[in-house]
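Here is the naming used below: chain letters follow the sequence lines, and residue numbers restart at 1 for every chain.
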Amino acid sequence: MAVERNDFIRDIIDEDLRTRRHTTVVTRFPPEPNGYLHIGHAKAICVDFGIARDYQGRCNLRYDDTNPVKEDVEYVHSIEADVRWLGFSPAAVLFSADYFPKMYELAERLVTEGKAYVCDLTDEQIREYRGTLSEPGRESPFRTRSVDENLDLLRRMQAGEFPDGARVLRAKIDMASANMKMRDPLLYRIRHAHHHRSGDRWKIYPMYDYAHPLEDGIEGITHSICTLEFENNRELYDWVLDNTGPWKPRPHQYEMARLVLDYTVMSKRKLLTLVQDKHVIGWDDPRMPTIAGMRRRGYSPEAIRAFCDMIGVAKANSSIDIGKLEYCLRDDLNHTAPRVLGVLHPIEVELVGWPGFEDDGRSETIDAPYFPPDVGKPGSRPLLISGRIFIDREDWSDKPPEDYQRLAPGRTVRLRYGYCITATEVVERDAAGNATKLRATVHRETLGGKKPADGKKVSGVIHWVDAATSLPVEIRLYDRLFKVPKPEEGGGDFIEHIDPASFQVVTGARVEKSLADAAVGSRWQLERVGYFAVDQDSQPGALVLNRIVTLRDARVEKVVEKKVETEPAERKVNAKAQTRPKGKSPAEFRAEARARDPELAAAHARLGALPGITADHADLLAADRETAALTEAVVVRVPAELAAKWIINELPRALDDKPIGDVDPEQLTQLLGAVADGSLTASAAKGILGELVRSGKAFAELRTVSAQTVDLVPAVEAVIAANPEKAAQFKAGKTGLLGFFVGQVMKAAPGADAAAVNQALRDRLV
RNA sequence: UCGGGGAUCGUCUAAUGGUAGGACAGGAGCCUUUGGAGCUUCGAAUCAAGGUUCGAAUCCUUGUCCCCGAACCA
């Protein structure tokens with residue numbers, strides 16, 4: 001069941017299903033219960049659970065709790081709640097700790113088979129023996145212990161006979177491996193610690209690299225998806241599985257890029273710092289990228305899931321524009337958040353001409369829909385208005401700019417859902433000179449969108465609330481926590497980049513009466529202001545609203561992204577380049593192979609002497625014995641230049657990771673011979689070459705067409721006739737379409753001479 | 001190449017030798033009782049240089065840049 005939107009992992013799954021390597025898909029989301037989940041985890045959750053959903057498979061929630069000193073039940077509960085809140089139901093909720101007996105049993109098996117040993121080196125010694133990135137390590141003196149002694153020691157480790165750190169169990173792999181992870185990695189360490197789930201039963205605890213593959217194997221995971229930094233661990237993942245199996249299904253690990261978001265930090269350590277040092281009010285501070293924080297802020301699970309779908313799954317490190325998240329939020333909230341009116345910074349307005357205004361006015365009720373027509377959702381609430389209202393100070397200007405669409409002296413605007421009013425005078429000002437009370441005449445004839453009596457169109461619309469019945473409310477304005485897109489870069493402490501204005505409390509704000517009983521967590525749009533959610537701090541009669549996100553604002557004078565003084569980018573010094581000399585290039589590698597191997601050197605000389613063979617050709621053809629042998633066999637009956645080009649440029653794609661030794665020189669000779677004598681076109685030959693390598697069939701069997709048998713004129717005509725509009729575009733100058741036409745003709749007439757097709761198309765398309 | 005990965009519009013991501021496409025962001029316009037939403041439209045990319053090919057983001061070569069790896073963390 002191929003899914004509509006594919007990424008590289010789903011491509012792999014499609015292939016696994018097609019080849020019957022797997023018949024069902026089982027994934028897992030494996031958080032360590034040592035902190036709160038954040039938006040980065042949300043991506044992983046959406047990938048892991050999303051794949052299971054798309055392929056009608058299963059996804060487990062599994063706590064990767066192999067380190068008792070870092071983990072806590074508190075986190076276990078928050079994690080499952082967050083996963084479910086996001087909208088996913090685990091097929092099972094599992095704990096690595098429950099597999100400790102099985103893991104231990106397999107550890108004894110590894111010891112028994114001589115594949116693991118107990119090592120008494122201290123941690124510093126182990127580090128020292130491990131070598132460096134560019135130098136091999138040394139074998140531990142304990143590596144040669146007998147199976148019996150290892151078994152005895154391992155059992156005593158688990159029996160609690162040794163203190164923490166005294167001994168470890170290590171896999172016996174290869175201390176000279178270029179992959180540091182394979183240099184006799186630790187499997188178990190001693191920890192006399194209480195585990196939140198297994199209690200005090202275990203004195204030794206498995207390491208991630210040992211535990212994770214086994215957990216996957218035990219649960220029957222088919223596709224184990226993790227992040228890029230585990231690429232180096234995959235070799236060990238495979239080693240563990242291959243030496244403890246057989247496992248059916250045999251899990252495989254795939255790595256994707258982790259989520260990096262602008263204007264925030266994601267590491268657990270930094271998040272913890274923010275909490276502990278009180279830069280935020282807690283894990284659920286609405287500015288935090290934690291699921292808890294986003295939930296409290298008012299983000300909907302739907303929006304977060306849409307965001308995760310939007311950013312895709314790939315292997316390139318990337319940093320996502322926070323604007324994408326905001327887009328997803330607005331896109332969701334636009335369709336789900338009912339509209340209500342609220343005023344952040346009220347200015348009182350007396351409505352002159354309101355009936356009974358002198359004795360504080362009579363009130364009227366307007367029926368106001370919860371959603372605009374384009375959203376098309378039902379529902380409305382009564383909106384009260386009387387002779388005194390509040391409008392937002394943002395909507396008043398003593399000296400308005402040219403394109404101002406709000407209220408100003410003598411100007412007319414419409415009160416949303418209500419009447420048009422014309423400002424007549426400023427009644428009061430505060431000490432700073434800002435208007436605090438206005439007077440305006442109300443145009444009684446304008447209810448229901450009607451124009452004022454003077455017939456002038458009123459384009460400005462502002463929000464308002466009734467002075468008498470509106471509710472006081474505390475509004476909490478949240479913004480991006482950091483002032484800069486990449487707070488972790490630039491050398492300094494990321495804390496310095498916190499934007500103190502990212503949290504502001506607005507007191508004295510007022511909202512319409514209908515919000516009196518709004519439920520905690522409910523989301524609303526305050527028209528023209530933004531989206532808000534009712535915070536858990538709300539009390540009856542004392543509403544608290546969190547701003548989720550502002551409305552998109554096409555008005556704002558472009559805030560010119562203040563160039564973050566790019567101090568001549570103290571280019572991050574390339575540690576690798578400093579610590580060691582530049583390594584060998586492939587060319588040098590080939591030259592060395594020849595220096596070591598006189599046979600190969602001789603072949604190199606012979607190939608270089610062939611007519612039409614350049615030094616570069618010879619270098620590549622004599623890279624290894626297999627390639628050299630194949631070439632020398634083929635050039636006996638095929639022109640050397642042709643053979644060289646095909647072997648260098650065309651064979652690799654056909655091979656697709658298969659060893660070149662698999663290629664039968666005789667078949668390749670026949671194929672290239674046909675190309676050389678013109679009886680087979682190059683494009684046909686490429687297709688046959690691929691098939692030849694893939695199937696191992698004989699050239700004679702695969703050859704179904706020859707250059708002579710193909711009559712391309714009808715094919716060309718047919719393709720042009722079938723695509724009149726594309727032909728017209730081509731004639732109009734879109735020459736890129738030639739490739740499209742050639743492709744179509746080649747499909748219709750396999751084996752045709754592409755150059756001739758190309759020419760024929762050009763002739764007919766001009 | 002110590003080893004493992006990666007590089008496509010400003011950002012994210014497709015195209016698996018055959019029209020470099022989509023989304024976000026941006027510009028212009030339309031519409032509008034939200035300066036919202038929607039609609040129309042424009043600009044914008046294959047890391048570089050060579051090579052193979054009728055045709056290259058894709059295959060080959062040589063470079064450049066970025067990320068990860070030397071916890072008894074995961």
Side-chain angles (χ1 to χ4, degrees), chain A residues 6-7 11 30 32 34 64 66-67 70 123 126-127 130-135 137 164-165 168 177-181 183 186 188-191 205 207-209 212 228-235 255 257 262 310-321 323-324 327 330 334 339 372 374-375 403 405-406 414-418 448-449 458-463 525 527-529 551-556 576 580 582-589 616 620 645-646 648-650 652-653 682-683 686 726 729 734 736-744 746-747 753-759:
Chain A
N6 254 24
D7 50 66
D11 285 345
E32 183 187 14
N34 69 343
D64 213 353
T66 57
N67 189 349
K70 289 174 66 181
D123 54 351
I126 286 178
R127 206 174 311 131
R130 189 145 37 213
T132 68
L133 293 175
S134 51
E135 297 155 28
D164 284 5
V168 293
S177 172
N179 183 352
M180 300 291 291
K181 288 279 181 307
R183 318 243 262 226
L186 274 58
Y188 272 93
R189 76 285 216 191
I190 300 172
R191 284 277 181 282
Y205 290 90
M207 303 288 291
Y208 167 85
D209 284 309
H212 206 89
L228 252 24
E229 66 267 30
F230 291 98
E231 278 173 329
N232 297 302
N233 302 56
R234 189 175 60 234
E235 192 179 356
E255 310 87 13
D262 276 352
M310 176 187 265
I311 61 178
V313 178
K315 296 198 73 154
N317 305 57
S318 57
S319 175
I320 310 288
D321 184 343
K324 286 188 171 69
Y327 169 84
R330 293 184 182 116
N334 178 43
R339 272 58 166 178
D374 54 280
V375 172
D403 59 350
Q405 293 189 40
R406 289 163 276 169
R414 176 175 299 281
L415 299 175
R416 179 70 166 154
Y417 303 119
V458 176
S459 63
V461 178
I462 65 171
H463 55 278
Q525 183 193 112
E527 292 206 51
R528 302 210 314 132
V529 179
L551 253 26
R552 198 164 150 263
D553 193 351
R555 144 174 50 114
V556 291
K576 284 175 290 185
R580 62 188 158 69
K582 183 88 181 81
K584 287 190 287 286
S585 71
E588 288 171 296
F589 192 79
D616 286 346
L620 294 167
K645 283 182 176 171
W646 277 76
I648 292 169
N649 293 308
E650 304 298 341
R653 191 202 295 269
S683 51
K686 283 180 202 173
K726 288 216 166 60
Q729 285 174 28
K734 190 161 180 184
L737 282 168
L738 186 62
F740 163 77
F741 281 111
V742 175
Q744 293 296 305
M746 296 303 289
K747 208 179 289 176
D753 177 6
V757 169
N758 211 310
Q759 193 52 54

Taking C-beta and beyond as the side chain, do [X] and [Y] meet within less than 4.5 Å on heavy atoms?
{"X": "I648(A)", "Y": "D616(A)", "result": "no"}
{"X": "N67(A)", "Y": "N34(A)", "result": "no"}
{"X": "K686(A)", "Y": "W646(A)", "result": "yes"}

Quick one: label [X] by what it contacts on the DNA or RNA (base, sugar-phosphate, nothing), any heavy atom closer than 4.0 Å.
{"X": "P652(A)", "answer": "sugar-phosphate"}
{"X": "P586(A)", "answer": "sugar-phosphate"}
{"X": "S459(A)", "answer": "nothing"}
{"X": "F230(A)", "answer": "base"}
{"X": "T132(A)", "answer": "base"}
{"X": "R127(A)", "answer": "sugar-phosphate"}
{"X": "D11(A)", "answer": "base"}

Practice problem: On RNA chain B, check which nucleotide each of N34(A) and N317(A) is closest to and give me the residue with the more 5' one. | Solution: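 Checking each residue's closest nucleotide, the 5'-ward one belongs to N317(A).
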Quiz prompt | 5'-most by nearest nucleotide on RNA chain B - E229(A) or R234(A) | solution =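 Checking each residue's closest nucleotide, the 5'-ward one belongs to R234(A).
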Donor-acceptor contact below 3.5 Å, side chain [X] vs main chain [Y]:
{"X": "N179(A)", "Y": "N232(A)", "result": "yes"}
{"X": "R528(A)", "Y": "V461(A)", "result": "yes"}
{"X": "R183(A)", "Y": "R130(A)", "result": "yes"}

Practice problem: Using a 4.0 Å cut-off on protein heavy atoms (strictly under), produce a 5'-to-3' string for nucleotides 37-46 of chain B with B for base contact, S for backbone-only sugar-phosphate contact, and - for none. | Solution: B---------
Tell me which nucleotide among [options] gets nearest to the side chain of [X].
{"X": "M310(A)", "options": "G4(B), U34(B), A23(B)", "value": "A23(B)"}
{"X": "D553(A)", "options": "U34(B), G35(B), U33(B)", "value": "G35(B)"}
{"X": "A178(A)", "options": "C2(B), A70(B), C60(B)", "value": "C2(B)"}
{"X": "R189(A)", "options": "A74(B), U34(B), C67(B)", "value": "A74(B)"}
{"X": "K726(A)", "options": "U19(B), A74(B), U62(B)", "value": "U19(B)"}
{"X": "R191(A)", "options": "C72(B), G4(B), G69(B)", "value": "C72(B)"}
{"X": "K315(A)", "options": "C12(B), G6(B), C72(B)", "value": "G6(B)"}
{"X": "R130(A)", "options": "U33(B), A14(B), A71(B)", "value": "A71(B)"}
{"X": "A314(A)", "options": "C12(B), C73(B), U13(B)", "value": "U13(B)"}
{"X": "F740(A)", "options": "U19(B), A70(B), C72(B)", "value": "U19(B)"}

[atom1] atom, [N] versus [M]: distance in rounded Å?
{"N": "G69(B)", "M": "G26(B)", "atom1": "C1'", "value": "40 Å"}
{"N": "U34(B)", "M": "G21(B)", "atom1": "C1'", "value": "34 Å"}
{"N": "A20(B)", "M": "G38(B)", "atom1": "C1'", "value": "29 Å"}
{"N": "G55(B)", "M": "G18(B)", "atom1": "P", "value": "14 Å"}
{"N": "A37(B)", "M": "G27(B)", "atom1": "P", "value": "13 Å"}
{"N": "G4(B)", "M": "A44(B)", "atom1": "P", "value": "40 Å"}
{"N": "U8(B)", "M": "U58(B)", "atom1": "C1'", "value": "11 Å"}
{"N": "A25(B)", "M": "G17(B)", "atom1": "P", "value": "34 Å"}

Practice problem: Find the distance between CD (E527(A)) and CG (L551(A)) and round it off to the nearest 0.5 Å. | Solution: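 One gets 9.0 Å once the value is rounded to the nearest 0.5 Å.
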Quiz prompt | Side-chain donor/acceptor of N233(A) to base of G69(B), under 3.5 Å | solution =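 Per atom types, no contact qualifies.
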Exercise. Please evaluate the base of U34(B) for a donor-acceptor partner in the side chain of Q525(A) within a cut-off of under 3.5 Å?
Key: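 In this structure, the two groups form a donor-acceptor pair.
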Quiz item: In chain order, what residues pass the side chain to side chain donor-acceptor pair (under 3.5 Å) check against E650(A), with sequence neighbours excluded?
Solution: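 Per chain and number, E650(A) pairs via side chain to side chain donor-acceptor pair (under 3.5 Å) with no residue.
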Exercise. Check side chain to side chain donor-acceptor pair (under 3.5 Å) between R406(A) and all other residues, then give those that pass, not counting sequence neighbours.
Key: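 Not a single residue meets the side chain to side chain donor-acceptor pair (under 3.5 Å) criterion with R406(A).
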Exercise. Respond yes when some side-chain nitrogen or oxygen of T66(A) is under 4.0 Å from OP1 or OP2 of C73(B), and no when none is.
Key: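 No, T66(A) has no side-chain N/O under 4.0 Å of OP1/OP2 on C73(B).
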Every protein N/O lying under 3.5 Å from an N/O of nucleotides 48-54 of chain B:
unit_1, atom_1, unit_2, atom_2, d
G51(B), N2, N649(A), OD1, 3.2
U52(B), O4', N649(A), ND2, 3.3
C54(B), O2', N758(A), ND2, 2.9
C54(B), O2, N758(A), ND2, 2.8

Quiz prompt | By ring-ring contact (aromatic ring centres under 6.0 Å, His included) - contacts of F230(A) (at least two apart) | solution =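 By the ring-ring contact (aromatic ring centres under 6.0 Å, His included) rule, F230(A) matches Y208(A).
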Quiz item: Could you spell out the base pairing of RNA chain B in dot-bracket, with Watson-Crick or G-U pairs whose two distances are under 3.5 Å, [ ] crossing and | to another strand?
Solution: .((((((..((((....[..)))).(((((.......)))))....(((((..]....))))))))))).....
Exercise. Quickly work out the L186(A) CG to C72(B) P distance and round it to whole Å.
Key: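 Roughly 6 Å, once rounded to whole Å.
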